[in-house]
Each structure stands twice: as C-alpha cells, then as structure tokens.
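Reviewing the structure listed below.
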There are 2 protein chains.
Amino acid sequence: MQHIPGDAAPTEDITMSRIQLRNRGRILDAALEVFSKHGFRGATLDQIADEAGLSKPNILYYFEGKEDIHVTLLDQLMDRWLAPLREVDPEGDPLEELMRYVHRKLEMSQEFPRESRLFANEILQGAPRIGPHLKRDLHPLVERTAALIQRWIDAGALAPVDPRHLIFSIWATTQHYADFEAQVGVLMDSTEVHSGARAHLDALFRRMLTP
Amino acid sequence: MQHIPGDAAPTEDITMSRIQLRNRGRILDAALEVFSKHGFRGATLDQIADEAGLSKPNILYYFEGKEDIHVTLLDQLMDRWLAPLREVDPEGDPLEELMRYVHRKLEMSQEFPRESRLFANEILQGAPRIGPHLKRDLHPLVERTAALIQRWIDAGALAPVDPRHLIFSIWATTQHYADFEAQVGVLMDSTEVHSGARAHLDALFRRMLTP
DNA sequence: ATGCTTTTTTACCAATTGGTAAAGATACGA
DNA sequence: TCGTATCTTTACCAATTGGTAAAAAAGCAT
C-alpha cells in the first residue's frame, strides 16, 4: 500500500525489494546512457524506457519524473567522481601522490566515459542541477587539496604551481579522452590512445611538478 | 520571386540584401547563444526566435530548418577554430611557435566561450553533424602539425613528446576555462582566472616542451 | 503613385513530449 | 489458496515541438 519507489522518500529507501533494486538499476543505467549522449533536455523518457526495456509509465513508477532520474544519477556520480581527490594522502610522497591522482583520473575517464560525459553535459549547460552540490562538496575538497599542495610547494617537495589551476589541468587533460572521444577517435587509432595517453600525461605532469 | 534565403542555395548567397545580412546575423548569434547552452536537441526554435527578436516563421524564412542553422553555425566556427593551428609557422622558433599557439587558444576560449561550448556540445554528442568535417579538415591539419612537431623534436629543438597527445592537452586545458566555466566559477574568484590561467599554462607547456 | 518583390505576421498542423488514471497482472506471506 | 501489496500495462492528456500555408505588410525601382 505504501508505494515507496517514486514517492518523495524523505530518508530514501527504508527497504527495497529485489525487483525494485533491479529495475531502478536498469533505469539508472539506461538513463546514464541516454543523458550522457544527449544532455538533460535532449534526452527523452521514451528513449530511457526503450533502453531499459521497460514501459514509460513503469519508469515513472520508480522515479518521480525525468528530473528525479537525472538528479539521482548526478548524486551517485559525485561520490565516485570525487573519491580519487579525497584519497590524496597528505602523508604520502607529494609527487607520487599527485601522479597517482592523475593516473586514477585517467583510468576513470577510460573506464567510465559515460559518467564523464554526463558530468560534462551538466557543467556545460551551466550546472543547473549540480551547482549547489559543487559548492557544498567539491569546493571545500578543492580548497583542502589546494592548501595541501601549497604546503608541499612551500616545503620544496614540488615545483611552484598554482594549485587550483593544476587541478583544472589534471581534470581537463584526463577527461578529454572521454568527453571528446568522438574527436580523438577521428585523429588517432583507438588502440594507441590508452597507453599513449598514460605515458604522455605522466611525462607532462611529472615534468611540471618535479622541483 | 526567387526567395534565396532558406532555399537550398547551391552556391550559397549570390547576393544578400542588407536586411537578409542583418537578420541572418541576428539569427546565427541567437542560435549560438541557445545551442551552446542546451545542445542541439535541447535548443528550440522558439528560444532562438525569442533571442533573435524575430518570429519563428520568420526564422524559417531565412533558414531551411533547425538543423540548417546548426550546421551553418558549425561550418562558420570550424574556420575560426582551426585558424590558430594553421598559423603555426614551420619556419619560426619551435618552442615559441607552440607557446604562441597555447596562448592564442586560451585567448579564444576566453573571448569566444559560446563557440567553444557549441563545439564541445557537438563533440560530446558524438559529432553527428561535424564528424565528416573533422575528418576532412581537422585530421589532415593535425597530421601536418604532428609531423612538424616530430621534426622539431628530432632536431632537438623540443623535448620528446607525443605530438598528437600534446595537441590534445593544449586543447583540453585551454578550452576547459570556457566549457567548464560553471565549475571554475564555483572554485575560483573569476577575477584571477584569466591571468592565473595564462601564467599556469605558460609554465606547464614551457616546462613540458623545453628540451 | 504603381507594380513587383521581399519580408513579416497570423493561423494553423501533426508529431513528440513528460506525465497521469486506472485497470490488470504478478508476487508473496498467511 | 486466498488476500493483499507490489508491479505492469493500456489508454489517455495537455503542452510543446518543428514546420507550413497563405495573407498582409514593407521595400523599392520605375
């Protein structure tokens, strides 16, 4: 009688049946596919329903609406996306910690290109739905990391760099391989992209950061 | 009697009246605004008409349809976008030529953020309309430039880099400031973005490329 | 002014969109 | 196996979408 799925669940899932778990999963995966390809406004519920193998009304049984699906997707994404930055260890070797971050970001771009594109789409369109999220979660995390990098620089463990711009450059170069895949694919044989990118970005940032 | 504007003009404008020139300009500018914000599928003719200060049917008097506007915009853009790469001078000083390219790309990202986002949107969505254009125009240009860079490296004038990945990194880092402006704006005071980016990218690529 | 062309508006479509109501089918515990 | 709660389908909407037909209004050369 309760009909949890779509209803604005205040505390979110108290319990979810196996069917609910499976279908919500299918829907979110289908939505990731469609949203990452066409952006929020360009995606349609029909496309998502088709991709998920469910009827449109059935999808609206599990989610309150198109926006609900999109927001759920972005929320889930944020955690996974910020994790590598959180794992930068203040106690580790500065250069190796940052290089590990570069490599993890590149691997994520290669392993989760749809997620990268979903995020890119949202930011491109002015971050209308994820904006507050960025301010609340991303901003303090970047501040903390920038301060850490600055301390490392002051200690002489890294070459002097603007920490925030460095972070931007890492994001830009790694995500480029996912977000601009259609362009990269035209210009390079896709077999050599992976290893080539790894070696190149390693050299680029190692040279930049070695004192 | 001829009604040139929207009609599939084979050789394009033979002559265009002042009104045609003005209104086509207005429409393309409005369309750039809307397409760059919402992508092709997310943009509507009504929005474009509104932004242009013209009625929807009037817009369809000047262009064959939504797609025609989009393609026209992308065609115009490609020339401007590829110009800096074309201007890399094989006779100039290798390092300074590439640094000049970096700075020009960054300036374009700052001066024409809408164009950058229009392009990013198109690529993100798999380059459905500009794909052939990329293969025909961009690919040979990149090949040529990559070969030039390789020659410079072989001559010992540049540090050894994968030329294509270097080009990707330049594109990624410079366009990031336009395409991800919504994110950059959350993380940095917008007054320091411009000069900071310039100094940072100069250091990044100079360090990377200096033999 | 006149007659012609170019431009703009008004009044429409047919298709697609996100979303709903309610009946029907299915699972599942007692 | 029965009853209840969960899940799914069918049959719809109202709003928006890209686009058209045709009349009305400007321009403009003579």
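Order of the sequence lines fixes the chain letters, A, B, ..., with proteins taken first and strands second; residue numbering starts at 1 for each chain.
- Proximity of A:N23 to the phosphate of D:dT8: a side-chain N or O atom is located under 4.0 Å from OP1 or OP2.
- To the nearest angstrom, P of C:dT26 lies 19 Å from CD of A:Q20.
- Judged purely by atom type and a 3.5 angstrom limit, B:K66 uses its side chain to pair as donor or acceptor with the backbone of B:F40.
- Straight-line distance from the CG atom of B:N58 to the P atom of D:dA24: 18 Å, rounded to whole Å.
- Rounded to an integer number of Å, the gap from CG of B:L21 to C1' of C:dT7 is 15 Å.
- Only one option out of A:K135, A:H139, A:H133 pairs with A:D137 in a side chain to side chain donor-acceptor pair (under 3.5 Å); it is A:H133.
- The local environment of CZ in B:R198 is sparse, with at most 12 non-hydrogen atoms from other residues, nucleotides or ligands closer than 6.0 Å.
- Remark: A:Y61 is not in phosphate contact with D:dT9, judged by side-chain N or O atoms under 4.0 Å from OP1 or OP2.
- Using a 4.5 Å cut-off on side-chain heavy atoms (C-beta onward), A:Y61 and A:L54 make no contact.
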* **salt bridge (charged side-chain N to carboxylate O under 4.0 Å, His left out) between B:K37 and B:E33, intermediate numbers included** => CA-CA 6 Å; B:K37 231 183 233 151; B:E33 188 74 26; 3.4 Å; yes

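- Taking atom CD1 of residue A:I27 and atom C1' of nucleotide D:dT8, one finds them 12 Å apart after rounding to whole Å.
- Using modelled atom types, no side-chain atom of B:S116 and backbone atom of B:S109 make a donor-acceptor pair closer than 3.5 Å.
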* Could you encode protein contacts along nucleotides 10-22 of chain C as a string, one character per nucleotide from 5' to 3', using B for base contact, S for sugar-phosphate-only contact and - for no contact, with a heavy-atom cut-off of under 4.0 Å? => BB-----SBBB--

